[in-house]
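All remarks here apply to the structure that follows.
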Number of protein chains: 2
Amino acid sequence: MKTLSIKDIAVKAGVSITTVSFIINGKAKEKSISEAVIKKVEKIIKESGYKPNQIARSLRTGNSNIIGLIIEDISNSFFSRIARLIEDKAYKKGYKIIYSSTENNVEKAKELINMFKSRKVDGYIISPTKGIEEDIQVLLSDNKPVILFDRNLSDIDTHYVGADHFKASYQSIESFIKNGKGKIALVTTDIDVEQIIERFEGYKKALIDHDIPYNDELVLKIHFNQDEAETIEQMKSLFSSKDIDAVLFATNYLAISGLKALKQLNKKIGDELSVIAYDDHEVFELHTPSISAVQQPLEEIAETVIQLILNQLSSKNKLENQKVIIPAKLIER
Amino acid sequence: MKTLSIKDIAVKAGVSITTVSFIINGKAKEKSISEAVIKKVEKIIKESGYKPNQIARSLRTGNSNIIGLIIEDISNSFFSRIARLIEDKAYKKGYKIIYSSTENNVEKAKELINMFKSRKVDGYIISPTKGIEEDIQVLLSDNKPVILFDRNLSDIDTHYVGADHFKASYQSIESFIKNGKGKIALVTTDIDVEQIIERFEGYKKALIDHDIPYNDELVLKIHFNQDEAETIEQMKSLFSSKDIDAVLFATNYLAISGLKALKQLNKKIGDELSVIAYDDHEVFELHTPSISAVQQPLEEIAETVIQLILNQLSSKNKLENQKVIIPAKLIER
DNA sequence: TGTTTGGCGTAAAACGTTTTACTAGATCAA
DNA sequence: TTGATCTAGTAAAACGTTTTACGCCAAACA
């Protein structure tokens, strides 16, 4: 069965293609098409189940009603939850989301941007890696809306939505200190993105503000993308060699690996060792004992992101850049 | 800056559009374009950074190099992990994945199919809900490759990839029985899809085969999409009113809610109450005590799915339908 | 009467490709 | 020399829309 085109509808209705197009696009009134014709054409469309070819439409109009979402890894629960929320909200406004994971790989990120570009997506929501500044700049000068989230790129002048990582990290450490901890470790990753750096800075600052000297040896930077087994080994070595009474994990997957390491070492979490994870996860609530975590307000982030991009999409001129920093919450368990 | 078109390249190179197109598509040799011209054009393309407009290309050729992936919920870790694997593999073959969640809603699923159809995706990978059989049938008679996974639709005649849910469920129950359990509950959902039904059947059959009478009261069907708090209440009522020594959860999110319920009841998992979850999750490994789980071979499922769809895409005629059932593994912890 | 105006609608160009069918000249075989 | 074949390329149609500019008729106006 050949799929129907607007031409088939026009022929069947005995009117021109133009007329059908006007009706489909709700311009019938404005173009003064008679009520009778409108009814007739609409009836035929309904009966035949005709759906306009979006590809042809995109080619002609230059936009696609698609928003590209570029994230680090869809299988990470932080991103998959955000993605779901964003998809949901965009969908309600008639936009589709197409998303893809960069795996924190600059080359792949660039490719993705190109791919989206050649697919003519209308806007971009990006959780960026370092190294794609130029590509993003090209999008911007091309007048495409770009919203960064989770991580900011300071040299890029566009909208950004993210949690207050510095403060959340600071508060986490402060809470350790309030509970009498003093030998506080940080397990983080070596990827060079702003949000990770901020968490690190928050850690340092909190220590210093409370007169605890910063000690390099208590900070473990895990290589991104490295095998989990190796990660666990490194953590075990940190936890057993140093005398530590608290540890902040800078990402949830690190925290999960960390819990595994502690389990293997048979170290009990509790009075002797406190733990806080960054980015909440079901694991932490259910863990015995349950684990405190910094919870990013996913719903709010998603809402803000989508709001910003829709605003930008519907406005002809470039809106003023907004940098929205949303407080994160330390859930003490 | 206007984006470049093939015409710009042609003009710059002093050749025709056709020639450029042949070169881009690797048909230069076959169409006997001279080496000199090829070099020249390629140089210009490289230097200018020209990328063909995929929309125009799709319009002309009728295919998009996009595969549509329709799942229940991207924020469910089973799906997000599968999605990531599928995306990865497809990407390597030059295909993009565009995915969307149905939330188990027939209307949304139908809409998604339509949307994908009007976007001219080349093939479909679907974890279906009941009620979309007709729509899938339309795709098939349209000669589009469709691969079902996770859940089969028995009246649809196409490829399918999934785990052996019946057997996995059967074995789980058998393992309870071997460990001396006899009052075995099942917590499942009320969605009417094959894979859930099979898990239920496996449960019943195992009981009967071991001379344990099936008892309706030990089966709790949770309404899909219902509030987690309510779910937990229902479970608590089951766990405290009945005398139960083992429970199988038919999905991982039910198991997670179940663990929360047990925690609230202060019921210890272990000798008095054994638990098995369906679909593994990090929570289960880290839980104290750790929780046994049925592990679906994600990698293998993803690999098979992608293999089937790529085969079908590259073959002109309809391949014989394959129903691939992959064994699931009970991880006893 | 001749000229506007408004109502109703259409023809055709354009979006950026791919692909089919063709051409002009060179070489070759008989 | 003639016709066939090969080489190197091109013109133009087609994909399915949207949109601009226009056409025609009847009514209103002066």
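Values below: all heavy atoms of this structure, side chains included; hydrogens, waters and symmetry mates excluded. Residue numbers start from 1 in every chain, and the chains themselves are labelled A, B, ... in the order their sequence lines are given, proteins ahead of strands. Predicted model only: the values in this text are computed from it and were never measured.
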Can you tell if the side chain of [X] reaches within under 4.5 Å of the side chain of [Y], non-hydrogen atoms only?
X      : Y      : result
B:K117 : B:V138 : yes
A:L319 : A:L308 : no
A:K120 : B:T3   : yes

When you list every nucleotide of DNA chain C with an atom under 4.0 Å from a heavy atom of chain B, which one comes first 5' to 3', and which comes last?
->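 So the outermost contacting nucleotides come out as C:dG16 to C:dT20.
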For residues [X] and [Y], report the shortest heavy-atom separation together with the two atoms involved.
X      : Y      : value
B:K323 : B:T158 : NZ-O, 2.9 Å
A:I132 : A:I113 : CD1-CD1, 4.3 Å
A:I55  : B:L59  : CG2-N, 3.5 Å
B:S80  : B:I74  : CB-O, 3.2 Å

Once you round it to whole Å, what is the distance between P of D:dT10 and NZ of B:K7?
->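 Atom-to-atom, B:K7 to D:dT10, this comes out as 15 Å.
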Please list each protein N or O that sits under 3.5 Å from an N or O in nucleotides 5-7 of chain D, with the distance.
none

Under the side chain to side chain contact (heavy atoms under 4.5 Å, CB included) rule, collect the residues that match up with [X], sequence neighbours excluded.
X      : value
B:S118 : A:Q54
A:N105 : A:E107, A:K108
A:I17  : A:I6, A:K7, A:A10

Please list, chain by chain and in numerical order, all residues satisfying side chain to side chain donor-acceptor pair (under 3.5 Å) with B:Y50, sequence neighbours excluded.
->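 Once residues adjacent in sequence are excluded, B:Y50 has no partner under the side chain to side chain donor-acceptor pair (under 3.5 Å) criterion.
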Output the residues of residues 12-25 of chain A in contact with DNA chain C, where contact means a heavy atom of the residue under 4.0 Å from an atom of the strand; sort by number or write none.
->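 A:V15, A:S16, A:T18, A:T19, A:F22, in order of number.
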Among all residues two or more places apart in sequence or in another chain, which pass the ring pair (Phe, Tyr, Trp, His ring centres under 6.0 Å) test with B:F149?
->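 Once residues adjacent in sequence are excluded, B:F149 has no partner under the ring pair (Phe, Tyr, Trp, His ring centres under 6.0 Å) criterion.
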With A:Y160 via ring pair (Phe, Tyr, Trp, His ring centres under 6.0 Å) - residues at least two apart =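 Ring pair (Phe, Tyr, Trp, His ring centres under 6.0 Å) check on A:Y160 returns nothing, list empty.
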Pair A:E103, A:N225: side-chain N/O donor-acceptor within cut-off below 3.5 Å |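 No, no side-chain donor-acceptor contact under 3.5 Å.
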Where along residues 34-59 of chain B does a heavy atom come under 4.0 Å from DNA chain D, residue by residue in number order?
->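 Residues of residues 34-59 of chain B under 4.0 Å from DNA chain D: B:S34, B:V37, B:L59.
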Does anything in residues 112-122 of chain B reach DNA chain D, meaning a heavy atom under 4.0 Å, and if so which residues?
->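 Output list: empty, so none.
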Qualifying residue for side-chain contact (heavy atoms from CB on, under 4.5 Å) with B:Y95, from B:D122, B:I309, B:I66 =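 Going through B:D122, B:I309, B:I66 one by one, the side-chain contact (heavy atoms from CB on, under 4.5 Å) with B:Y95 is satisfied by B:D122 alone.
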Mind checking A:K27 for me? I need base, sugar-phosphate or nothing, with any heavy atom below 4.0 Å counting as a touch.
->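 It contacts sugar-phosphate atoms only.
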Measure the angle between the two terminal helix axes of the helix from C:dT1-D:dA30 to C:dA30-D:dT1, five base pairs each, and quote it to 10°.
->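 Here the local axes at opposite ends form an angle of 70°.
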B:E35/B:K40 salt bridge by N-O under 4.0 Å criterion |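 Salt bridge absent between B:K40 and B:E35.
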Could you tell me how the ring of B:Y99 sits relative to the ring of A:Y99: parallel (under 30°), tilted (30 to 60°) or perpendicular (over 60°)?
->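 Rings of B:Y99 and A:Y99: perpendicular, as their planes differ by over 60°.
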